[in-house]
Amino acid sequence: MDLSEPQSKASSKLSPWFAKLSNWGVELRGITPVPLEERVDKRFINVFLVWFAMSINLLPTVGIIIIGLIGLLVSFGGYRFLHEFERYSWIFNLVAIIIATGVGGKQLFNQVETAPVPPSVIVSYGGVIAGFLIPWAAMASDFSVYCDPSVSTFRIFAYTYAGLFFPTVPLMVLGAAIGGATTSNPAWAEGYEKYIVGGVLEAMLKPAGGFGKFVAVLLSLSVIGNLSASMYSISLNFQLLVPFFRHVPRFIFSMVFTVICIPVSVYAAKSFFESLENFIYLIAYWSAAYVAVVAVEHFVFRKANPASYMPEHWDQPHKLPTGISAILAAGLSFALVVPSASQVWYTGPIAVTTGDIGFEVALILSPILYVPIRWLELKWRPI
């Protein structure tokens, strides 16, 4: 049984159990390219809704086991099931956020006095925000592979960008307003002391009584849209680790990830924001190098020509770039990224003066290094 074959052709070769899953609509295909005849999805707005639903959440993970299992259920179904879930899940999240803001909004004007922040803090904050958003580039294509190829690339880009921008910016502004008012409100401050952000939102909704508690539960579930989509992409990434893994059903890796994710999340939740901030910074450094290298490869060496990519070569390593140039360029850039990094556990000599500019350094230095290294590689191996 080879589950890397197109689903429509492989279903006749599957065991009865897998065939039944296929009939129920569970996606069995993994990283195998989707053939043109199966790219028939014309609901392009779903691309926007997937990103919108992933981005419109406020709370850290509470009820980790329940949320993890629901995320597993959604990602288990695959692409179409995920799109249907994300198509509607954002509605409940948005309504809950509006209610929470409406109930507690009258307290938001009472902002605590803050001193002007130095430029180094602003630069560091920019790196954090970039590190939060740019890593999605590594999985963006996973959510549009079944789209009809007649759609323009600009339309897919616009839906993706809008799906990230419109929920993220308002929620960051709202979060800043809530954070600025928390110190001035004893009930909110007490909630933050006990349960971090979840405690503040629960305190905001307390005047609404039992209904407020119900809304707080909806807010805690808002992270499912993000988690389920991430789990779907991660299950595909597992298949890239070892060639044999592409023969393992994708949804098996969703279960493996859930088994790993739940206990790790339970432990990390004890110091949620510290764990999150440290993780985002580290991801930011990697994502800057990744995006810059991919952009140079596409625009410089491939002249932004889609025809230069040959999908039929996806499982033929001798017809694909080795990746050595990308690894070398990204790795060598960290010789300057590390001294430019500022973390709780380490501050580089450059960052002492400038703040954390590791993201900016990786974004600029890695493509500069990639150009000559990739040029030399093409001389040796013109692929």
Side-chain angles (χ1 to χ4, degrees), residues 46 48-75 81-112 163-231 262 265-266 268-273 276:
N46 279 359
F48 166 77
L49 294 174
V50 165
W51 290 107
F52 192 91
M54 288 173 66
S55 302
I56 188 166
N57 61 85
L58 278 178
L59 289 181
T61 306
V62 292
I64 290 171
I65 295 177
I66 295 175
I67 290 174
L69 292 177
I70 296 175
L72 169 62
L73 178 64
V74 176
S75 65
F81 194 90
L82 175 69
H83 271 238
E84 287 301 317
F85 177 81
E86 304 284 31
R87 186 177 178 86
Y88 303 104
S89 66
W90 65 271
I91 299 173
F92 303 99
N93 302 344
L94 181 60
V95 170
I97 291 170
I98 292 173
I99 292 173
T101 306
V103 173
K106 61 183 178 181
Q107 302 293 336
L108 294 178
F109 73 93
N110 195 14
Q111 295 289 307
V112 65
L164 288 169
F165 179 85
F166 286 114
T168 300
V169 173
L171 287 181
M172 285 186 173
V173 173
L174 175 61
I178 294 173
T182 296
T183 307
S184 306
N185 189 307
W188 292 14
E190 182 182 357
Y192 183 83
E193 187 68 25
K194 290 181 179 179
Y195 304 113
I196 318 295
V197 174
V200 176
L201 290 172
E202 185 180 11
M204 290 174 64
L205 289 163
K206 198 168 186 178
F211 177 70
K213 292 182 179 179
F214 171 73
V215 174
V217 172
L218 287 181
L219 285 172
S220 69
L221 297 177
S222 66
V223 75
I224 294 175
N226 185 299
L227 179 64
S228 55
S230 299
M231 290 174 68
I262 289 177
S265 298
V266 169
K270 297 176 183 177
S271 54
F272 178 80
F273 279 109
L276 179 64

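One is the number of the first residue; the rest follow in order along the sequence. Values below: every heavy atom of this structure, side chains too, minus hydrogens, waters and symmetry copies.
- A distance of 11.0 Å separates CE of M231 from CG of L82, quoted to the nearest 0.5 Å.
- With sequence neighbours excluded, no residue satisfies side chain to side chain donor-acceptor pair (under 3.5 Å) with Q111.
- A search for side chain to side chain donor-acceptor pair (under 3.5 Å) contacts involving S228 returns nothing, not counting sequence neighbours.
- Note: T168 OG1 to W51 CH2 = 10.5 Å, rounded to the nearest 0.5 Å.
- The salt bridge (Lys or Arg N to Asp or Glu O under 4.0 Å) contacts involving residues 190-202 comprise E190-K194, where partners must be two or more places apart or lie in separate chains.
- Atom CD1 in I56 sits 12.0 Å away from atom CG in N226 (nearest 0.5 Å).
- Atom CD of E84 sits about 10.5 Å away from atom CG of L49, to the nearest 0.5 Å.
- The ring pair (Phe, Tyr, Trp, His ring centres under 6.0 Å) test applied to F48 returns F52, not counting sequence neighbours.
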For this session: Determine, step by step, whether R87 and N46 satisfy the side-chain contact (heavy atoms from CB on, under 4.5 Å) criterion, reporting the C-alpha distance in whole Å, the side-chain angles of both residues, the deciding distance to 0.1 Å, and the verdict.
Result: CA-CA 6 Å; R87 186 177 178 86; N46 279 359; 2.5 Å; yes

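- How far CZ of F214 is from CG of L219: 10.5 Å, rounded to the nearest 0.5 Å.
- Scanning both residues, A100 and M204, for their nearest heavy atoms gives O-CE, 3.4 Å.
- Taking every heavy atom of both residues into account, E86 and A229 meet most closely at OE2-CB, 3.7 Å.
- In plain terms, the two heavy atoms of N93 and A53 that are nearest each other are ND2-O, 4.3 Å.
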Which atom pairs, one a donor and one an acceptor, fall under 3.5 Å between side chains of residues 170-188 and the rest of the protein, sequence neighbours left out?
{"from": "T182", "atom 1": "OG1", "to": "I178", "atom 2": "O", "distance (Å)": "2.7"}
{"from": "S184", "atom 1": "OG", "to": "N110", "atom 2": "O", "distance (Å)": "3.3"}
{"from": "N185", "atom 1": "OD1", "to": "A187", "atom 2": "N", "distance (Å)": "3.1"}
{"from": "N185", "atom 1": "OD1", "to": "W188", "atom 2": "N", "distance (Å)": "3.2"}
{"from": "N185", "atom 1": "ND2", "to": "Q107", "atom 2": "OE1", "distance (Å)": "3.4"}

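- The minimum heavy-atom distance between A96 and V215, with the atom names listed, is O-CG1, 3.6 Å.
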Exercise. Which is it for V50 and H83 under the side-chain contact (heavy atoms from CB on, under 4.5 Å) test, yes or no, and what are the steps along the way?
Worked result: CA-CA 6 Å; V50 165; H83 271 238; 4.0 Å; yes

Per-pair distances, 0.1 Å, donor-acceptor, side chain in residues 65-74, under 3.5 Å, sequence neighbours excluded:
none

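- One finds the CZ atom of F92 at 11.0 Å from the CG atom of L221 (value rounded to the nearest 0.5 Å).
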